[in-house]
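So that the names make sense, note that chain A is the first sequence line, chain B the second, and so on, each numbered from 1.
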Amino acid sequence: GENVEQHPSTLSVQEGDSAVIKCTYSDSASNYFPWYKQELGKGPQLIIDIRSNVGEKKDQRIAVTLNKTAKHFSLHITETQPEDSAVYFCAARYGKLTFGQGTILTVHP
Amino acid sequence: ETGVTQTPRHLVMGMTNKKSLKCEQHLGHNAMYWYKQSAKKPLELMFVYNFKEQTENNSVPSRFSPECPNSSHLFLHLHTLQPEDSALYLCASSQAGRPSTDTQYFGPGTRLTVL
């Protein structure tokens, strides 16, 4: 089955800096890669996703890149703000969604 | 709000109790999911329902019993649980059958504590 590795497990940045979270997946047939943000006391919320026919997707301050050859994809957050602090999960899907372990992002004012 | 609601938000139960978790989606989706989220572990898929039919049981112990009476409601019946079952239980829904629209939307979860 699919295996998703996510790094780093914790990330601390200063407000205004960029943050990058990386994930690798094992099943080359995976074709859908969402990113979720989970704030304290809430369920995961989809923030951006990318499909295997696209190499990059951007939505305001967040972007996702996909390298199918290397089987890795990354989340980029620019101009970070304290409200970006949360746990971020990547996932990959061929059939069912498989999640990474999560990254705790802390943005210091 | 994602359009997926879960009740109760918090639940404390003894190992001999029987309780149920409820999930309702207002998105018109036809697939619903139960996930378990434990500390320092990835989200674990438990059950999948498509058009009210269970299509996946991810080797979940029989003390967890799902029920899907219609495409909008999903229940998780709990009995004789163990302390290690304490976790956040998340419900999600999606529009199955169309890859371009099958994004999963999650509810806020039920924080379960088994004493």
Worksheet item: Of all of B/Gln6, B/Arg9, B/Gln37, B/Glu44, which one pairs up most often with chain A through heavy atoms under 4.5 Å apart?
Response: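 The residue among B/Gln6, B/Arg9, B/Gln37, B/Glu44 with the greatest pair count is B/Gln37.
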Item to complete: Could you look at B/Leu43 and say if it's the side chain, the backbone, both or neither that has a heavy atom under 4.5 Å from chain A?
Response: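 Its backbone and side chain both get close to chain A.
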Worksheet item: In terms of heavy-atom proximity below 4.5 Å to chain A, should B/Tyr33 be classed as side chain, backbone, both, or neither?
Response: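 Contact with chain A involves no heavy atom of B/Tyr33 at all.
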[X]-[Y] co-clustered via ILVMFWY side chain contacts under 4.5 Å:
| X | Y | result |
| --- | --- | --- |
| B/Tyr35 | B/Val114 | no |
| A/Phe73 | A/Ile77 | yes |
| A/Ile48 | A/Leu11 | yes |
| A/Val87 | B/Leu90 | yes |
| B/Tyr49 | B/Leu21 | yes |

Fill in: More than 12 heavy atoms from other groups under 6.0 Å of CD on B/Gln54
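Yes, CD of B/Gln54 has more than 12 neighbouring heavy atoms, counting only those of other groups under 6.0 Å.
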Worksheet item: Counting only heavy atoms not in B/Phe75, do more than 12 sit closer than 6.0 Å to its CZ atom?
Response: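 Counting neighbours around CZ of B/Phe75, more than 12 heavy atoms of other residues, nucleotides or ligands fall under 6.0 Å, so yes.
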Sort by residue number and list every member of [range] having a non-hydrogen atom under 4.5 Å from chain B.
| range | value |
| --- | --- |
| residues 33-44 of chain A | A/Tyr36, A/Gln38, A/Gly41, A/Lys42, A/Gly43, A/Pro44 |
| residues 96-109 of chain A | A/Lys96, A/Leu97, A/Phe99, A/Gly100, A/Gln101 |
| residues 55-64 of chain A | none |

Discussion item. If the condition is ring pair (Phe, Tyr, Trp, His ring centres under 6.0 Å), which residues does B/Phe64 pass it with, not counting sequence neighbours?
Written reply: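 For B/Phe64 the ring pair (Phe, Tyr, Trp, His ring centres under 6.0 Å) partners, ignoring immediate neighbours, are B/Tyr89.
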